[in-house]
Amino acid sequence: MTEAQTIYNWLTGIIDSSTNDFHFEGVDNLIELFKLKFPNDQKLYDLLKQLRQGKWNSIHVILT
């Protein structure tokens, strides 16, 4: 497993455990730091952004 994959796995756990807006501020920073450290791993970066957005949407559901 590459270093990028190891850190990606770690970040997915953090994203999955996020439960409020303050957590997402940290998650956004970590995702951007991932991109700076691994500029050639655009696919993993995009997957992190998608996972983050999905988690955000799941905890900010508007009930009608």
Side-chain angles (χ1 to χ4, degrees):
M1 185 178 303
T2 66
E3 183 182 13
Q5 185 66 42
T6 301
I7 293 173
Y8 169 83
N9 291 340
W10 179 71
L11 289 173
T12 59
I14 292 172
I15 293 168
D16 191 47
S17 68
S18 297
T19 58
N20 65 55
D21 293 350
F22 297 111
H23 292 163
F24 284 96
E25 289 180 31
V27 164
D28 291 341
N29 289 333
L30 289 171
I31 291 172
E32 292 308 311
L33 288 170
F34 179 89
K35 183 176 182 176
L36 290 173
K37 183 161 178 71
F38 305 106
N40 296 327
D41 284 309
Q42 185 66 37
K43 182 177 178 180
L44 291 179
Y45 171 76
D46 291 342
L47 289 171
L48 287 170
K49 295 291 280 187
Q50 288 176 344
L51 182 62
R52 181 252 186 244
Q53 191 61 47
K55 182 65 176 187
W56 173 271
N57 290 343
S58 74
I59 66 172
H60 290 90
V61 176
I62 298 174
L63 301 175
T64 58

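If you read the sequence from its start, that first residue is 1, and numbering goes on from there.
- Looking only at side-chain heavy atoms (C-beta outward), Trp56 and His23 stay at 4.5 Å or farther from each other.
- Taking CZ of Phe24 as the start and CG of Asn29 as the end, the distance is 13.5 Å to the nearest 0.5 Å.
- Exactly one of Lys43, Gln42, Lys49 qualifies for a side-chain hydrogen bond (donor to acceptor under 3.5 Å, both in side chains) with Asp46. That residue is Gln42.
- Residues Asp21 and Glu25 fail the side-chain proximity criterion, which asks for heavy atoms closer than 4.5 Å.
- For the atom pair Tyr45 OH and Leu47 CG, the distance stands at 12.0 Å (nearest 0.5 Å).
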Please evaluate residues Glu32 and Lys35 with respect to the criterion side chain to side chain contact (heavy atoms under 4.5 Å, CB included), reporting the C-alpha separation (whole Å), side-chain torsions for both, the decisive distance (0.1 Å), and the verdict.
CA-CA 5 Å; Glu32 292 308 311; Lys35 183 176 182 176; 4.2 Å; yes
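- The heavy-atom pair separating Ile59 from Asn20 by the smallest distance is CD1-N, 4.1 Å.
- Nearest heavy-atom pair across Lys55 and Asp16 is NZ-O, 2.9 Å.
- Across all non-hydrogen atoms, the minimal contact from Ile7 to Phe34 is CG2-CD1, 3.8 Å.
- With rounding to the nearest 0.5 angstrom, the CG atom of Asn9 is 11.5 Å from the CD1 atom of Ile14.
- In terms of heavy atoms, Asn57 sits closest to Val61 at O-CG2, 3.2 Å.
- The minimum heavy-atom distance between Arg52 and Ile15, with the atom names listed, is CA-CG2, 3.8 Å.
- Linking Ile, Leu, Val, Met, Phe, Trp and Tyr residues whenever their side-chain heavy atoms come within less than 4.5 Å leaves Leu44 and Leu33 in two separate clusters.
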